[in-house]
Amino acid sequence: MTTPTTRAGADSRARRAVRPAPPARPTRRGRRHPALIALAFLAPALIALLVLRLAPAAVALWDSLFRTSLLGGTQFVALGNYLELFGNPDFQNALLVTLVFTILINPLQVATAFLLAVLYTRKAAGSKIWRSLVILPIAVPPAVSAVIWSVIYRPDGLANAFLDLLGLPAQPFLTSPQQALASIMVLLSWIGVGYWMMFLIAGINDIPRSYYEAASLDGASAWRQLWTITFPLVRRPLAFVLVADTVSNLLVFAPVQILTKGGPEGSTNLLMYDIFTRAYTLGDLNTAQAEVVILVLITLVIVALQFRLLRSED
């Protein structure tokens, strides 16, 4: 006869018998395994970064310290190429034109992209159609866009035809030293504003609608909502757009090469085109490499200043 005490003991032993074993502690090899997997996935990107970015930058820096003679001899000149550049009037002009170009076009493009993003995120009739039209130039390669605008800027082109409708005189555009750089800026803005607008639209759409509803209940106008809600909360996408747009504009080459070739009178001779001219027209590769290093340093300084000004206080 089985007593309750005996039955309880048997049940307890059965529960202990079927209790799952504790999980095995991972071995040293198991702990390393995820890191190896992550490294394998990162390897293609790291190799591309090394081969396409870091290695050419190191070669450019090294070559900029030498000078090659017409007879093929190579001489170490340390900073001689840099000193020669800063004493060259053509480089001084290219540096000035690039700085003026950067100071003018970056605020223009970012401000236009921001205002269009605010406009096209509002629920209005036809906003999606207009948004698509603004984004459409992104699908056109920059070289093709430059060819299109070369036709628009012709003396008998679309731009002067539009001015004639308004009763204004025809303009020289690309053949005028005073208008050529502004004409390039209009072309680049036509290409780039829609692209940067997409990033800002994504940032604005992430802002909770409840913030705007609460501001409306408090009687805030649309302008006040823009500056107290939209602008502060879209600060991170705006910082990215400003930095990326700056780098992009410092590397402009194709429109200048196709439309003006640095002219007239050097008014559109940006640093990228000056590097191309010095390397492949004049054949001075070492000085061109020094100019590449200077352009990279200028880009890093400008980007660092922008990050410092736009750094979040989080």
Side-chain angles (χ1 to χ4, degrees), residues 49-107 142 174 176-185 188 242-309:
L49 176 65
L50 177 63
V51 174
L52 301 178
R53 299 291 183 183
L54 299 181
V59 171
L61 179 61
W62 179 256
D63 287 347
S64 70
L65 304 177
F66 292 86
R67 182 173 297 161
T68 303
S69 66
L70 295 176
L71 300 178
T74 302
Q75 179 185 4
F76 179 75
V77 293
L79 300 179
N81 290 325
Y82 296 91
L83 296 176
E84 180 183 339
L85 271 177
F86 281 105
N88 188 307
D90 292 334
F91 173 76
Q92 294 173 2
N93 175 71
L95 185 61
L96 178 62
V97 170
T98 302
L99 292 178
V100 171
F101 173 78
T102 303
I103 291 171
L104 293 178
I105 195 172
N106 290 338
L174 297 175
S176 168
Q178 291 76 33
Q179 297 181 11
L181 188 62
S183 301
I184 295 289
M185 290 182 188
L188 294 173
L242 180 58
V243 171
D245 187 40
T246 300
V247 175
S248 174
N249 287 324
L250 284 171
L251 302 179
V252 168
F253 172 74
V256 176
Q257 165 69 8
I258 294 172
L259 295 178
T260 64
K261 299 189 183 303
E265 301 178 13
S267 60
T268 61
N269 188 29
L270 301 176
L271 278 178
M272 276 298 296
Y273 185 77
D274 194 63
I275 291 170
F276 171 82
T277 303
R278 202 172 297 277
Y280 299 106
T281 302
L282 303 179
D284 192 354
L285 290 176
N286 297 108
T287 308
Q289 297 282 40
E291 196 167 354
V292 168
V293 174
I294 293 172
L295 178 59
V296 171
L297 291 177
I298 292 173
T299 304
L300 292 176
V301 169
I302 294 176
V303 169
L305 289 174
Q306 290 174 342
F307 269 121
R308 185 174 182 84
L309 292 174

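Keep in mind that the numbers below use all heavy atoms, side chains included, and drop hydrogens, waters and symmetry copies.
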Nearest atoms (heavy-atom pairs only) where M272 meets F253: O-CD1, 4.1 Å
Closest heavy-atom pair and its distance - L65, F76: O-CD1, 3.4 Å
Over all atoms of both residues, closest heavy-atom pair of A94 and T98: O-OG1, 2.7 Å
Spatial distance of atom OH (Y280) from atom CG (L285) [nearest 0.5 Å]: 7.0 Å
N/O donor-acceptor pair under 3.5 Å between T281 side chain and R278 backbone: no
S248 side chain to A244 backbone, donor-acceptor under 3.5 Å: no
Distance-only side-chain donor-acceptor flag, N286 / T68, under 3.5 Å: yes
Closest heavy-atom pair and its distance - V252, P255: CG1-CD, 4.1 Å
Between CG on residue N249 and OG1 on residue T102, distance to nearest 0.5 Å: 6.5 Å
Student check: side-chain heavy atoms of L271 and L95 closer than 4.5 Å: yes
Backbone of G263 reached by a side-chain donor or acceptor of T268 within 3.5 Å: yes
F66 side chain near N81 side chain, heavy-atom distance below 4.5 Å: no
Taking every non-hydrogen atom, the tightest pair across P177 and P264: N-CG, 3.6 Å
Distance (rounded to the nearest 0.5 Å) between I103 CD1 and I105 CD1: 12.5 Å
Spacing of D90 atom CG and N269 atom CG [to the nearest 0.5 Å]: 7.0 Å
Test item: Q92 side-chain N/O and F86 main-chain N/O as donor-acceptor pair under 3.5 Å: yes
Evaluation steps, side chain to side chain contact (heavy atoms under 4.5 Å, CB included), between L85 and I294: CA-CA 10 Å; L85 271 177; I294 293 172; 3.8 Å; yes
Rounded distance [0.5 Å steps], CD1 in I275 versus CD in E291: 4.5 Å
Side-chain donor or acceptor of T287 paired with backbone N/O of D284 under 3.5 Å: no
Pairs involving residues 73-84, ordered by first then second residue, that meet salt bridge (charged side-chain N to carboxylate O under 4.0 Å, His left out) (sequence neighbours left out): R67-E84
L181 and S267, any side-chain heavy atoms less than 4.5 Å apart: no
For Y82 against S64, the heavy-atom pair lying closest together: OH-OG, 2.7 Å
Point-to-point distance, once rounded to the nearest 0.5 Å, from CG of N93 to CG of D274: 8.5 Å
